[in-house]
Structure formats: C-alpha cells, structure tokens
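Only a predicted model underlies this, so the values are computations on that prediction, with no experimental measurement involved. Start at 1 and go down the list; that is how both ligands and their atoms are numbered.
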Amino acid sequence: MTDSPARVLSDDELDLLELALGGAVPPTVLTAALPGVPSDVVLTDAENTPLARLTARPGALPDVLEPLKPVAAAIGPQWDPAVRRPARDVRADLETGTGDDAENSVGLLVSEVPTCEESDTAVALVTGGGTEGAAGTPTSTVLLLVPVARRAPEAGAVGAPGLVRAASGLAATLAERTAARVRTVVVPWSGLGGTALEDVGAAYGAARVETLAARRSPATAAGVAALPRVQDDAVRALYPPASAAEVIRATKGVHRRGAVVFFTGLSGSGKSTVARALAAELDDDGLGTTLLDGDEVRHHLSKGLGFDRESRETNVERIGYVAALVAKHGGIAVAAPIAPFAAGRARVRTLAEEAGAHFVLVHISTPLAVCEARDRKGFYAKARAGEIAEFTGISSPYEEPDDADLVIDTTDVPVPDAVETVRRHLTSLLADPPR
Ligand SMILES: Nc1ncnc2c1ncn2[C@@H]1O[C@H](COP(=O)(O)OS(=O)(=O)O)[C@@H](OP(=O)(O)O)[C@H]1O
Ligand SMILES: Nc1ncnc2c1ncn2[C@@H]1O[C@H](COP(=O)(O)OP(=O)(O)O)[C@@H](O)[C@H]1O
C-alpha cells in the first residue's frame, strides 16, 4: 500500500477506470472525469481496495495509470474472463491474426437486446449484402461488443447478464448464417468520460463499428417502446377492471414478502464478493435488490463512526434499520458488514421480522489465517504492526454466530457455489405466500 491520498470511485467511474486500464481510452479521459483529482492519487473501489495509482508528470495533468490490484470480478456471464477482456488483449488477438483478420473486421455494438430485425441487419452487415460497409465484401471477423455498466439497470430493463446472454444468442445466429469468426466482447461502459461508444469499440481493434440499435426501423422502435403498455392492455382485455388491476399488480411484484439477507464474517472472509454476486443474480432474476455493503455503508450512512464496540453496534443497527425498511416494502436487502457481536445481529433479525420480512443470517466462516493471507486491503499487516487499533480478529473480538441459517467457508467454496447456496435458500423462503 502507498500513502498517497485515496479516491473512492463510483460504479460509473470504476467502469471508466477498467476501460482505461485495458487501454480502451487514454488515462487523460479518466483524469478529466475525476474533477479535482490530486496529482498523485490511489483509486479505490467502495470497499477501499487500492485498484490503481494515477500520477502526474511535472507540469501535466495526471496521466500515468499504474494498476495495483485487479478489479474484483463478480459472477455472471458479463464477468466471464473469456469475454470481459482488456481492449489491448482483444486488439492484439486481431492483429496477430490467429484466424482473425483485423483489416476485414467489424465491431457490432449490442447496446440493447437485439430484435429479429437487428439479427437480420447483423447478418446483412457481415455478409456484405445490402449495406454501405466494405462494398459488399463479406466480413471475416466480427466482434460483438456488449457495453455493460456496473450500476443497476432501470426498473424493468434487461440487465447486464441478460444483455450478454442475448448477445451470445446473436453470436450463434451469426455463426450459423455467415462464414465469419464471431467473438462476444463485454465492454465496461457507463457513458462517463465523453468518449463515443463507437470510438471505444474501435479501440478494441475493429476496423469499423456499427451500432445495431441505431439501425432499427421506426416501426420496430415504436413496437419496442409500446411493449409495456401492450402487455397491460392484453391483461385488461382478458379481465374485468378489478381483476386486471390485481393481475397487473402481481406481475409487478407488489405483493411479494421482502427479505433481509445478512452476511457476517471477518474482514476478507468474502462477504462483499459473495453479497455483490448474489445481489447481481437476484437483480437478474427480476428481484429488486438493495446492497448494503459494510465498507460502502461506512462512507455514507455511518460516515464518521469508528470501530469501538458502541460505534460498531450503531453501525449494524443502522444497517438493520435500512434493510428492514427495504424489506418491509417487498424489496430484498443484502447486507455485508462484519457485525462481530451477537447482540447486534439479533437486533437486526428482530427488526427484519417486525417488518414482516424473511431473515437469512449467512456466516462467512473463512478462518482468520485465510483472511489474513488474502489481505486484499493490507489492513491485517497494519493491524499486526499496531497501526490499526481494534481490528476484528486481531485486537477486537468476533463472536461466532450460533444461529446462522447458512455457514459458508470460502476457503474451499468457490464464489458461484456460495451464491447458489444462498440463492437456493432464499428462493425457497420467497416461495412462501405473502403476509
Ligand atoms: N478496526 C477495524 N476493524 C475491522 N474493520 C476495519 C477496521 N478499520 C477499518 N476497517 C474496514 O472497515 C470494514 C468493516 O466495517 P464494518 O462496518 O463491516 O464493521 S462492523 O460491522 O461495524 O464491525 C472492513 O471491511 P471488510 O474488509 O469489507 O469487512 C475493513 O476494511
Ligand atoms: N471463494 C471465494 N469467495 C469469496 N471471496 C474469495 C473467494 N476466493 C477468493 N476470494 C477473495 O477473497 C477476498 C474477499 O474480500 P471481500 O469479499 O472484500 O471480503 P469481506 O467483504 O468479507 O471483507 C477477495 O479478494 C476475493 O476475490
């Protein structure tokens, strides 16, 4: 770790950092998007993981970007390392031409779930039929560029995992209907930084870039825009008004009983990693999920609180209060603080139950030795050296839960398995009828 000042990046800024680290945009684009950034700064995620260092050469704006730790990967198709690759690696593949052809390549931007019309457009673009590109020459290499943001999609919109799966469907269609070599490439993209998505696509190595959704005909665009209304109209045509209102309400999830999924465990045990991946999976299942990550909460809800027993109890109580509020209105709250004390955890269970919500206590029981060996943030080394007081597991206690609904040791349980265990448990609870 370095002692340079740290700057915690938002989800959108993290997307831009990942692009810059991968060589898709120059570091100056990142610098310009971080107003007031000092000339030597460590960029971290919301969990304080030092991801990169940004420094300035004399007399210039910061434009030297040095990776420190890899950006943590969650699970889901959008995080598959086979498709979420740095721009420079994708470009190098094209240029060294292991069966690829950089000169005769096209990048197809799949920024929205492709319609039938766009599948046909993509085939036409690749075979050279009826398009202005490449003068009728079939394209030999296709990059299906799928821009995905970390931030949650708007309610009702297809999220990142769904978009990647839909793009893979298009890749299969292209492989079937054309002779081109097709690769799906996930591009971290929040829109921040002012660079055009087409230019970012070009930085992945494609000779030209086409945006599929921009080629939608007015009729298709209007059809897509009208879909939610059409669905409700179909319900109204089948049911009398009072029944239709109930059917529409039910399809929008208004009646669902909420839940609080509360992770507890040592620092570095894997709470955030599993909780984040779980929240993304639940979102993808259409269950609106609110993530209350331990470290992130301390930047906002619990800003200024320390790590003495009383401050920790206050912190956990606040998390429990917000989580119960979310769950009371049918939402799913996923919280991941250390929550070292049994009394605080019991209080959260009570708050959730009083809100009529399900409560799941997940103990991430990864042993101290493993957490310390991971030391992603360098805190254990500092705690051992006496530079951090009252550090959980070193100089402050962790009371092991005896009431956990699930106990998962991530030493030998991979992230997807841990997520699946919690998801299965939660899904069976949510199958309960509403209150
Ligand atoms: N003294 C001390 N002890 C434990 N942890 C410390 C301390 N100082 C800072 N940190 C960082 O803060 C994160 C834990 O905050 P929490 O809000 O989860 O803790 S608590 O529930 O209030 O006990 C924890 O984050 P995670 O590693 O994500 O658990 C640490 O990075
Ligand atoms: N099976 C696993 N489950 C969760 N995290 C794992 C696993 N294997 C390795 N890790 C790593 O352990 C670290 C856990 O950190 P984090 O999720 O921030 O823990 P916490 O939130 O409990 O402090 C991450 O760097 C993660 O990549």
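Contact check on Arg345 versus Asp403 returns no salt bridge, with no Lys/Arg side-chain nitrogen under 4.0 Å from an Asp/Glu carboxylate oxygen.
No cation-pi contact links Arg347 to Phe359, judged by a cut-off of 6.0 Å to the six-membered ring centre and 45° from its axis. Annotation: cation-pi geometry satisfied between Arg309 and Phe341 (NZ/CZ under 6.0 angstrom from ring centroid, within 45° of ring axis).
Atom 2 (C) of ligand 1 has Phe391 CD1, 3.4 Å as its closest protein atom, hydrogens excluded (heavy atom only). Protein heavy atom in closest approach to atom 15 (O) of ligand 1: Arg298 NE, 3.2 Å. Counting protein heavy atoms only, atom 3 (N) of ligand 1 is closest to Arg312 NH2, 3.1 Å. In terms of protein heavy-atom proximity, atom 28 (O) of ligand 1 is closest to Lys377 NZ, 3.1 Å. Here the heavy atom of the protein found nearest to atom 13 (C) of ligand 1 is Asp295 OD1, 3.4 Å. When only non-hydrogen protein atoms are considered, atom 31 (O) of ligand 1 lies nearest to Phe379 CE1, 3.0 Å.
When only interatomic distances are considered, the shortest N/O to N/O separation between Ile338 and ligand 1 falls below 3.5 Å. For Thr410, a nitrogen or oxygen atom sits less than 3.5 Å from a nitrogen or oxygen atom of ligand 2, counting backbone and side chain alike. Polar contact with ligand 2: absent for Pro414 (N/O pair, distance under 3.5 Å). In terms of N/O distances under 3.5 Å, ligand 1 is approached by Ala339. Ligand 2 has an N or O atom lying under 3.5 Å from an N or O atom of Gly270, backbone or side chain. Inclusion of Lys271 in the set of residues having an N or O under 3.5 Å from an N or O of ligand 2 is warranted. Any N or O atom pair closer than 3.5 Å counts here, and Ala389 shares at least one such pair with ligand 1. Taking only nitrogen or oxygen atoms, main chain and side chain alike, Ser267 reaches within less than 3.5 Å of ligand 1.
A side-chain contact (heavy atoms from CB on, under 4.5 Å) with Leu54 is found for one member of Leu65, Val64, Leu17, Asp63 and no other, namely Leu65. When each of Leu68, Val8, Leu30 is tested with Leu43 by the rule side-chain contact (heavy atoms from CB on, under 4.5 Å), just one qualifies, namely Leu30.
Residue contacts with ligand 1, taken as heavy atom pairs separated by less than 4.0 Å, involve Asn315 solely via side-chain atoms from C-beta onward. Within the 4.0 Å heavy-atom criterion, the part of Leu266 lying near ligand 2 is the backbone and not the side chain. Contacts between Val413 and ligand 2 below 4.0 angstrom, taking non-hydrogen atoms only, involve the backbone exclusively. Contacts between Phe307 and ligand 1, counted as non-hydrogen atom pairs separated by less than 4.0 Å, involve the side chain only.
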- Query: Are Glu198 and Thr211 close enough, and set up right, to give a side chain to side chain donor-acceptor pair (under 3.5 Å), and what steps lead you there?
  - Reply: CA-CA 8 Å; Glu198 284 74 10; Thr211 304; 2.6 Å; yes

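Arg376 and Thr273 are not linked by any side-chain donor-acceptor pair at a separation below 3.5 angstrom, with hydrogens and angles left out of the test. Side chains of Arg177 and Ser119: no donor on one and acceptor on the other come within 3.5 Å. A side-chain donor from one of Thr115 and Glu118 sits under 3.5 Å from a side-chain acceptor of the other. For the residue pair Thr184 / Ser168, no side-chain donor-acceptor distance below 3.5 Å is found, with atom types taken as modelled. Under 3.5 Å, the side chains of Asp409 and Thr411 contain a donor-acceptor pair of N or O atoms.
Under a 4.0 Å heavy-atom criterion, Asp417 is not in contact with ligand 2. Close to ligand 1: Lys271, with a non-hydrogen atom less than 4.0 angstrom away. For the ligand labelled ligand 1, residue Pro340 lies inside the 4.0 Å heavy-atom shell. Under the 4.0 angstrom criterion for non-hydrogen atoms, Gly265 is not in contact with ligand 2. Under a 4.0 angstrom heavy-atom cut-off, Thr392 registers as being in contact with ligand 1.
Counting heavy atoms from C-beta outward, Ser267 and Thr392 have side chains that stay 4.5 Å or more apart. Side-chain contact check for Glu47 versus Arg276: some heavy-atom pair is nearer than 4.5 Å. Proximity of Thr427 to Arg424: side-chain heavy atoms (C-beta onward) are nowhere separated by under 4.5 Å.
Which parts of ligand 1 touch Glu390 is read off a 4.0 Å heavy-atom cut-off, strictly below it: atoms 1 (N), 2 (C), 3 (N). Close approach to Thr273 involves these atoms of ligand 2, each under 4.0 Å from a residue heavy atom: 4 (C), 5 (N), 14 (C), 15 (O), 16 (P), 17 (O), 24 (C), 26 (C). The distance from ligand 2 to the heavy atoms of Glu47 drops below 4.0 Å at these ligand atoms: 18 (O). Of all atoms in ligand 2, numbered sequentially from 1 with element shown, those under 4.0 Å from a heavy atom of Val415 are 1 (N), 2 (C), 3 (N), 4 (C). Heavy-atom proximity to Gly268, at under 4.0 Å, picks out these atoms of ligand 1: 27 (O). Residue Val316 has at least one heavy-atom neighbour below 4.0 Å for each of these atoms of ligand 1: 21 (O). Applying the 4.0 Å criterion to heavy atoms of Ser267 picks out, from ligand 2, the atoms 23 (O).
Contact detail for Val182 and Ala175: the closest heavy-atom pair is CG2-N, 4.2 Å.
Checked by atom type and distance alone, the side chain of Arg84 pairs as donor or acceptor with a backbone atom of Gln78 at under 3.5 Å. Formation of a donor-acceptor pair under 3.5 Å by the Glu372 side chain with backbone atoms of Tyr380 is not found in this model.
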